[in-house]
Colleague: 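Can you read through this structure? Questions will come right after.
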Amino acid sequence: MKTKTVLSLFIFSLFMTSAFSQENEKVDPNVLLGEWKLDMSPDDENDTNFAMMRITNVENKKIQGMFYREGVKIKNGQINTQLGIIYAALTSGDNSGEYNTSFYFKNGKLYGTTHALDRNFLSVWIAEKVN
């Protein structure tokens, strides 16, 4: 009986390792490349508060591009895919202060937050790719 239990656990662990490896293989950070329209007030369908993000380069677990508006460069852009999900974080800033942003990719959309330290707010947003 012990042998069957140990064998079952061994086979189950092989299956789980294989499934997790296959899931990680499907994660391609290049899906982030392109222009994204961020709905800065996703809870209010009547609001027109939008921002843009353009990701121009994804390489070596780093992202580059523009966040919020033209001329505001993504700084310190990092990607993590260790859980089989694309997570990213970046900093940016303009004349109003510095922003810390993080997001994850799910079902073709980005779900994120932007924390503006100097402006004392945390924005929750959802983005759709526009090209």
Side-chain angles (χ1 to χ4, degrees):
M1 189 67 155
K2 276 187 175 180
T3 305
K4 284 184 179 181
T5 302
V6 170
L7 183 58
S8 295
L9 288 172
F10 177 72
I11 291 171
F12 178 74
S13 68
L14 284 177
F15 172 76
M16 292 305 292
T17 302
S18 173
F20 185 72
S21 296
Q22 288 174 2
E23 185 176 310
N24 278 342
E25 289 173 10
K26 294 177 186 175
V27 175
D28 182 7
N30 286 309
V31 299
L32 300 177
L33 290 169
E35 192 157 355
W36 297 84
K37 183 177 181 181
L38 286 67
D39 183 349
M40 304 301 281
S41 302
D43 60 331
D44 184 355
E45 293 180 13
N46 297 318
D47 187 30
T48 58
N49 187 15
F50 293 96
M52 300 301 290
M53 176 169 55
R54 184 180 313 122
I55 298 177
T56 57
N57 191 27
V58 175
E59 189 174 356
N60 298 323
K61 297 187 178 184
K62 297 188 183 303
I63 58 173
Q64 295 176 327
M66 176 274 306
F67 180 77
Y68 187 63
R69 63 176 185 236
E70 199 64 44
V72 179
K73 290 186 179 182
I74 289 174
K75 298 180 264 182
N76 308 306
Q78 297 285 311
I79 297 173
N80 186 317
T81 60
Q82 73 188 41
L83 295 176
I85 299 168
I86 302 168
Y87 291 92
L90 60 96
T91 59
S92 61
D94 58 16
N95 292 335
S96 67
E98 293 294 311
Y99 300 92
N100 295 310
T101 296
S102 63
F103 60 87
Y104 64 94
F105 177 83
K106 183 178 179 181
N107 297 327
K109 294 183 180 184
L110 302 179
Y111 297 84
T113 62
T114 297
H115 183 205
L117 296 173
D118 299 330
R119 295 179 60 200
N120 197 30
F121 81 88
L122 175 65
S123 174
V124 177
W125 51 264
I126 299 172
E128 294 189 19
K129 201 171 201 178
V130 293
N131 70 19

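For the single chain, residues carry numbers from 1 onward in sequence order.
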Colleague: Residues two or more places apart in sequence or in another chain: which of them pass side-chain hydrogen bond (donor to acceptor under 3.5 Å, both in side chains) with Thr101?
Modeller: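 By the side-chain hydrogen bond (donor to acceptor under 3.5 Å, both in side chains) rule, Thr101 matches Thr114.
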Colleague: Listing request: all salt bridge (Lys or Arg N to Asp or Glu O under 4.0 Å) pairs with a residue in residues 118-131, at least two apart in sequence or in separate chains.
Modeller: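 Every pair satisfying salt bridge (Lys or Arg N to Asp or Glu O under 4.0 Å) with a residue in residues 118-131: Lys109-Glu128.
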Colleague: Between Met66 and Trp36, is there shared hydrophobic-cluster membership here, with clusters defined by ILVMFWY side-chain heavy atoms closer than 4.5 Å?
Modeller: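 No, separate clusters.
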Colleague: Of all heavy-atom pairs between Ala51 and Tyr68, which one has the smallest distance, and what is that distance?
Modeller: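 Where Ala51 meets Tyr68 most closely, the heavy atoms are CB-CD1, 3.6 Å.
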Colleague: Are Leu117 and Leu90 joined in one hydrophobic group, where the rule is that I, L, V, M, F, W and Y side chains link up if heavy atoms are under 4.5 Å apart?
Modeller: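 Cluster IDs for Leu117 and Leu90 differ.
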Colleague: With side chains defined as the heavy atoms from C-beta onward, is the minimum distance between Met52 and Lys37 less than 4.5 Å?
Modeller: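 A side-chain contact exists here, since the closest heavy-atom pair is under 4.5 Å.
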Colleague: Taking the side chain as everything from C-beta on, heavy atoms only, tell me whether Tyr87 gets closer than 4.5 Å to Thr81.
Modeller: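 SC-SC contact between Tyr87 and Thr81 ruled out.
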Colleague: Is the shortest side-chain heavy-atom distance between Ser102 and Thr113 below 4.5 Å?
Modeller: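 Yes - at least one pair of side-chain heavy atoms lies under 4.5 Å apart.
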Colleague: Does a sphere of radius 6.0 Å around NZ in Lys75 hold more than 12 heavy atoms from other residues, nucleotides or ligands, not counting ones at 6.0 Å or beyond?
Modeller: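 Yes, because the 6.0 Å sphere around NZ of Lys75 holds more than 12 heavy atoms from other groups.
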Colleague: Which heavy atom of Ser92 sits nearest a heavy atom of Val72, and at what distance?
Modeller: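 Minimum heavy-atom contact is CB-CG1, 3.9 Å.
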Colleague: How long is the straight-line distance from CD1 of Ile126 back to CG of Asp43, given to the nearest 0.5 Å?
Modeller: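 Separation between the atoms: 9.0 Å.
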Colleague: So, for Ile74 and Ile63, which heavy atoms are closest and what is the spacing to 0.1 Å?
Modeller: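 Taking every non-hydrogen atom into account, CG2-O, 3.9 Å.
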Colleague: Looking at side-chain heavy atoms only, is the closest gap between Leu38 and Phe67 below 4.5 Å?
Modeller: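 Side chain of Leu38 against side chain of Phe67, heavy atoms only: contact under 4.5 Å found.
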Colleague: Indicate if Leu33 and Val31 have the same hydrophobic cluster label, given that clusters are the connected sets of ILVMFWY residues with side-chain heavy-atom separations under 4.5 angstrom.
Modeller: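 Leu33 and Val31: one cluster.
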Colleague: If the condition is side-chain hydrogen bond (donor to acceptor under 3.5 Å, both in side chains), which residues does Thr56 pass it with, not counting sequence neighbours?
Modeller: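 Testing Thr56 for side-chain hydrogen bond (donor to acceptor under 3.5 Å, both in side chains), a comparison that skips the adjacent residues, returns none.
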Colleague: What's in the same ILVMFWY side-chain cluster as Tyr99, cut-off under 4.5 Å, chained through other members?
Modeller: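 Reading the cluster by chain and number, Tyr99 sits alongside Phe121.
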Colleague: Output all residues satisfying side-chain hydrogen bond (donor to acceptor under 3.5 Å, both in side chains) with Asn57, sequence neighbours left out; order by chain, then residue number.
Modeller: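 Counting only residues at least two positions away or on another chain, Asn57 forms a side-chain hydrogen bond (donor to acceptor under 3.5 Å, both in side chains) with Gln64.
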Colleague: How many angstroms lie between CG in Asn80 and CD1 in Ile85, if you round to the nearest 0.5 Å?
Modeller: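 Atom-to-atom, Asn80:CG and Ile85:CD1 are 10.0 Å apart.
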Colleague: Surrounding CG of Asn131 (heavy atoms of other residues, nucleotides or ligands, distance under 6.0 Å), is the total greater than 12?
Modeller: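 Atom CG in Asn131 is packed in, count exceeds 12.
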Colleague: What class does the angle between the rings of Phe103 and Trp125 fall in, given that below 30° is parallel, 30 to 60° is tilted and above 60° is perpendicular?
Modeller: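 Rings of Phe103 and Trp125: tilted, as their planes differ by 30° to 60°.
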Colleague: Sort and list the pairs that fulfil salt bridge (Lys or Arg N to Asp or Glu O under 4.0 Å) and have at least one residue in residues 55-67, not counting sequence neighbours.
Modeller: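 For residues 55-67: none.
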Colleague: Between Pro29 and Val58, which heavy-atom pair has the shortest distance, and what is it?
Modeller: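 Heavy atoms only, the tightest pair is CB-CG1, 3.6 Å.
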